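See below for the structure under consideration.
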Amino acid sequence: MAAPPSGVHPVDRLPGPGRLLAGGLQHVAASYAGVVAPPLVIGAYVGLRPAQLTFLVGACLFTAGLATLLQTIGFWKVGARLPFVNGVSFAGVAPMLAVADGRADRSTALPVIYGAVMVAGVLGFVLAPYFCRLVRFFPPVVSGSVITLIGMSLLPVAFGWIQNGHTDRPASMTDLALAATTLVIVLALRRLLRGFLQQIAILLGLVAGTLLAIPVGAVDTTPVREAAVVGFPAPFHFGHPQFTLPAIVSMCVLMLVSMTESTADMLALGEIVERPADERVIAAGLRADTLGTALSPLFNGFANSAFAQNIGLVAITRVRSRFTVAACGVVFVLLGLSPVAASLIAVVPRPVLGGAAVVLFGSVAVSGVEVLARSGLDKGENLLVAAVSLGVGMIPVVSRDFYGAGAVPATLRTVLDSGVSAACVTAVVLNAVLNRRPVRGAGNGASNHDAPAVDVPGAAPRTPGVVRRLRAGGGWSRSSPRP
């Protein structure tokens, strides 16, 4: 394949077919568990039979693929056109289980959930061009704190995988050995390989770890033997959507939380790929999230949002092409149409996935630390903003029962139980309150809201996006240079 024009940003470059497929499969491996976990939990809770549960997982893979294509390829003003994987939001599991608890028969809950998700998706789509304006409240000290918290909140997920899902007891020696071996293999491949092979070190590490797990009996091939070859998520398979006010209110609150997290994720990925997300990009990204959510119940899926897991993969591989993630979306669609193909990914043992995830999720946290270091923690009250935000955000990460049902209202718990959302709100509020006064020595009365933007090496210095927007006296104009 010919070298792409020098003026094309790496995000918009189309890799060759081999690199495209390998990179896409790597993103599939990194996000598969996150996509299938919510339908497995919800389906089991409402009493679905094994065949129905398999159908529900396939439907969520299919809709995750469609949502990912909306986000990466996009159309009109829909899609951030960044290397983002969109999938089922795990933040919605608790509210959906609460909806099921409110039914006399849990088996009738899915149509009610689907109706509420559709309404929430439409509401989010309408609010997207207004919600994106919150980006002005995300200077580097805020975005750095949130990015760091994203990585820190994901690490317990990796640890849970190493424990093979049994978080209530210590990891077995076999699980620890598989995770540690996979981690060492990934690090060795990253150190010894070069070029394309180095970029797919995570995928190669997962394959090697899975092969090593076969002799110790840690690979279960039952899903492959029992899965159907072809299957299509027929519309409204579990019944036509029903609309009840309590469920709709709950899902709308969830949608606002998901939009907050997606905004933070887009800011994080924009920093990593060196294409900072401005209001226009965030609005387009939120439209993709919410449109995918509104359409998902049609094919028996749930609310979709940007996956933070893949930010770490982009950071560690340095493969920034959005088309690589679009290939991941295509694979998800195909997996949703072929249960037996989807089950092949499920063969990878959780401890193997957890060993590789330590690298992925840790990379996200380090990216946030890097942004914080450039934000000027010695200026104003930036240190306090970061310290308190990270502390508040870590509460639900280290203690899921900290906000007890009797002490905190359910609506407020929806925000507080998400470490990313809690840290995001705390950082925005503290920065607005503590950094209102000008910073001494900043010159011309500049405040911490004018923290320097992250410059691309070799590029001309940029005026911070928020400052430029404020000086322009309003919204982004088509003639204004992109950040």
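Residue numbers count from 1 along this sequence. Not measured: the values here are computed from a predicted model.
One finds the CZ atom of Arg19 at 10.0 Å from the OG1 atom of Thr324 (value rounded to the nearest 0.5 Å). Thr290 contributes atom OG1, which lies 6.0 Å from atom CE of Met259 (distance to the nearest 0.5 angstrom). Atoms CG and CE, from Leu390 and Met394 in turn, are 8.5 Å apart once rounded to the nearest 0.5 Å.
The main-chain N or O of Ala356 is never found under 3.5 Å from a side-chain atom of Thr182 such that the two would form a donor-acceptor pair. A donor-acceptor pair under 3.5 Å links the side-chain atoms of Arg287 to the main chain of Lys77, judged by distance alone. Remark: side-chain polar atoms of Asn431 are not paired, donor with acceptor, to backbone N or O of Val142 under 3.5 angstrom. Under a 3.5 Å cut-off, the side chain of Ser321 and the backbone N or O of Arg13 do form a donor-acceptor pair. A donor-acceptor distance shorter than 3.5 angstrom exists from the side chain of Gln71 to the backbone of Ala80, with no hydrogens or angles considered.
Nearest heavy atom pair, residue Ser389 against residue Ala423, reads O-CB, 3.6 Å. Here the closest heavy-atom approach between residue Ala128 and residue Leu286 is recorded as CB-CB, 3.9 Å. Between Ile73 and Arg81, the closest heavy-atom pair is O-NE, 3.4 Å. Closest non-hydrogen pair, Gly355 versus Ile162, comes out as N-CG1, 4.1 Å.
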Requested in this report: Evaluate side chain to side chain contact (heavy atoms under 4.5 Å, CB included) for Asp265 paired with Leu269, printing each intermediate quantity in order.
Outcome: CA-CA 6 Å; Asp265 290 342; Leu269 188 60; over 6 Å; no
Query - side chain to side chain contact (heavy atoms under 4.5 Å, CB included) between Val112 and Gln242, worked out - result: CA-CA 5 Å; Val112 177; Gln242 301 175 19; 3.7 Å; yes
Report task. Any chance you could lay out the side chain to side chain contact (heavy atoms under 4.5 Å, CB included) test for Leu298 and Phe236, step after step, and finish with the verdict? Result -> CA-CA 6 Å; Leu298 174 64; Phe236 302 130; 3.6 Å; yes
Query raised in the report: Under the side chain to side chain contact (heavy atoms under 4.5 Å, CB included) criterion, do Thr63 and Asn300 qualify, and how do the steps go?
Result: CA-CA 8 Å; Thr63 54; Asn300 313 286; over 6 Å; no
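For the pairing with Asn86, the side chain to side chain donor-acceptor pair (under 3.5 Å) check across Asp289, Asn304, Thr293 returns one residue only, Asp289. Here the rule is side-chain contact (heavy atoms from CB on, under 4.5 Å) with Pro83, and of Ile272, Val319, Val273 only Val273 fits it. Only one option out of Phe302, Phe332, Phe299 pairs with Phe62 in a ring-ring contact (aromatic ring centres under 6.0 Å, His included); it is Phe299.
Side-chain contact between Leu149 and Ser145: absent, with no pair of heavy atoms (C-beta onward) separated by less than 4.5 Å.
With sequence neighbours excluded, the residues satisfying side chain to side chain donor-acceptor pair (under 3.5 Å) with Arg320 are Glu274.
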